[in-house]
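The next block holds one structure in the form of structure tokens; read it before the comments.
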Amino acid sequence: MKRVIVVFFLFVSSLSFAQEYKMWYQNPAGKVWEKALPVGNGFIGGMVYGNTEEERIDLNETSFWSGGPYATSPTLNRDSLEKLRSLVFSEKYKEAENMANRVLFSHGSHGQMFLPIGSLILKFPGQKEATSYYRELDLSKAVASTRFSVGKQNYEREVFTPLQEKVLVMKLSSTEAMNVEVLYRTPLPEGRVVQVQGNELQIGGRNIAHEGSEGALRFHGIIHVKQSGGNSSRTDSSLIISNAKELVLYVSLATNYQSYQDVSGDEKALARARLTSALKSPYTELKRKHIEKYQSLYNRVELTLGSDRREPTDIRLEKFREGNDPGFAALYFQFGRYLLISSSQPGGQPANLQGIWNASIRPPWDSKYTININTEMNYWPAERTNLSEMHKPLFEMVKDLTKTGAVTAKRLYGAGGWVAHHNTDLWRLTWPVDAAFYGLWPSGGAWLSQHIWEHYQYTGNLHFLKENQEVLFGAARFYVDILQKHPKYPYLVINPSTSPENAPEAHQRSSLSAGVTMDNQLAFDVFQNAIWASKILGVKTQFSDSLKQLLKQLPPMHIGKHGQLQEWLDDVDSPQDKHRHVSHLYGLFPSSQISPYRHPALFSAARTTLEHRGDVSTGWSMGWKVNWWARLKDGDHAYLLIENQLTPLGKNKDGGGTYPNLFDAHPPFQIDGNFGCTAGIAEMLVQSADGAVEVLPALPSRWAEGKVKGLKCLGGFEIEELVWEKGQLKRLVVKSHLGGNLRLRLPRAWTKGVEAKGENPNPFFFVPEIGEPVVSSEAQIHLPQIRSTYLYDLKTEKGRRYVIE
Ligand code: FUC
């Protein structure tokens, strides 16, 4: 059928084709953290090893970090700032970098670290020779379980972190009586067993002082054991259970952290209150409610991409590149959604570089927030994969950053508004850290502010926009105050800055620069969002008018001599540059400034840039590339990146990959790659950033048949059903949550030639009007070949469903 029939009716029972997605293994994790399985509820995180003789669950608590509230941010005097700017403008980049290192980075700090609590250890004497071993993480229930036999005795364990409570729960059962010793082990210098009393092991300690910031956090934990049958006894540091038929363990953790400024909490009272609340329900009830709450989030999206291989997950990972396991990408996609639900819950901290899972007291990059890509990437799946509520911890953090960032804006730049640089942490760090090469980039706040606007565009929540307007206006105010007239080019630019972590040879291998493409794109979005928000909220009209004037003075994008999108204002890109950051493609994704329909030349330049950069890279870089190739409407190339990413670590030449527990490998583990690829898979199936909802924009030939349900689009449209066969669209059901015009971009034949014209009248599909690119006279531009599509307008009513087939 190749036509559009619009049938709208109120009650349609939504099709369900849920596949049971499970990760499963035939061996325990042993000593390998990257084989253990993650559980979490945004407050407590656990890594379950499934070891038979000595079980181990590594524990984390969302607010347990090193250091304490920061008192101040460094100051930069006006003269130094002007000197830096003039060095950059006079192209003395290395000198500028050296000077910046002297005047701004002598503090030598990097920010604070996300810390582990330690491990719950269960010793089972005699359970060494296990047979019939099996362990799994059931993604449809968020429960990890382990089963095995020793002799004639069968053992079973279940671990989950109830989403409705803030504890971790473990049930152990066996066909005969069990003997277990319960202990706590920790790498923390000041972590210990505080008391062993009755059926409880109480643990506690302090965090670590770091980089001159005194440790201000304490934690307290209670490991509470409910036992059926048998006896128990105690040592100084452990509980010994003998002859029990069944055991249920509850782990409750808390710290004295209240906010980035306030550490006056009572961790003991909180840990006790969390435990008491969890103990009110019997185990089965606790589990039932957990699954119910979890499924109310997880089940919103279903994805089938063809058959699954019935083999253990680590084996499927090994064989994925053989190509006959399309279902594995769907499993990986759902694992990404599982990770977001598990690591980012309202009230807790946002997902950091490792989500909520870290076992080391010196974690890579401090397991904190790198906001020149990684933290933003963590939240790309939030709206599109229908987990909008999981975005909240990020919004809370951004709100805090507007406060600490206002101090930094004043002290470093003499500017209003707020700023954050390339890192932040629990204490809401906003000043530059590491070294000028990485840290002197004043656009971290600007990028994070996009998430506020995105949430509004997906949900239409006016109250939210109002509440968070200062995030948008403050980011714009900061840029207004720091923009400088470029001496060589006729534009207003940000100076000093960097194109994150990359440096052209022609600039003395210094990253310091002025008017880098990504900054220009960010400033454009920041101003544009503020202008739109001002109009919607009816506030700050004068400010908005001034932004409209400034917008026109920002540098347009430049297409350089190799036909590439320029990363810098000077045409100095090297086609040999394979750097993992491709920051100037921010304009292609996550932003929507570069469109094949509106700006074919830029679109072609973006493609050339990506071809130059190549495919295999660090984990997160590959995750970003999936999204870019999806936006470039090239499904097969996007799929190639998924293959590269879903390759066991070590098998890609010079690059990352994936660990047996499907954690992304930068290497080491960084969760951004998981989230980036998850968002990318969604973008291959549905896009809505270019003024219309486009279905199957980048379907790879490997996914000839498939179905997806529940992906979200701008304007509150939900794809309730999208079915394709032999690579062709078969059926589409869209639910309109907000009403308004649904503009669809469909294969030409589906619209019977009726084409919608002009801008999409639906205000949530605001499309930025960017300036004409500047094109090098040496550039050869091959305009893209993309499939022919037509726009089709459908007036929708709030709450109704529309079937198109
Ligand atoms: C950025 C990246 C690195 C790494 C780190 C956490 O600095 O350039 O690759 O992901 O963040």
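All values derive from a computational prediction rather than experimental measurement. The basis for the numbers below is simple: all heavy atoms, side chains too, and nothing from hydrogens, waters or symmetry mates. Order of appearance sets the numbers: ligands from 1, and atoms from 1 within every ligand.
- Between Y586 and W447, the distance separating the two ring centers is shorter than 6.0 angstrom.
- Taking the six-membered ring for Trp, W65 and Y369 have ring centres closer than 6.0 Å.
- The immediate protein surroundings of ligand 1, defined as residues with any heavy atom under 4.0 Å of it, consist of L353, W365, T370, N374, E501, R580, H581, W620, H666, Q670.
- Other residues, nucleotides and ligands contribute at most 12 non-hydrogen atoms within 6.0 Å of the CD atom of E505.
- Ring pair F64/Y257: centre-to-centre distance not below 6.0 Å.
- Between W380 and H391, the ring centre distance reaches or exceeds 6.0 Å.
- Within the 6.0 Å centre-distance limit, the rings of H455 and F395 are counted as a close aromatic pair.
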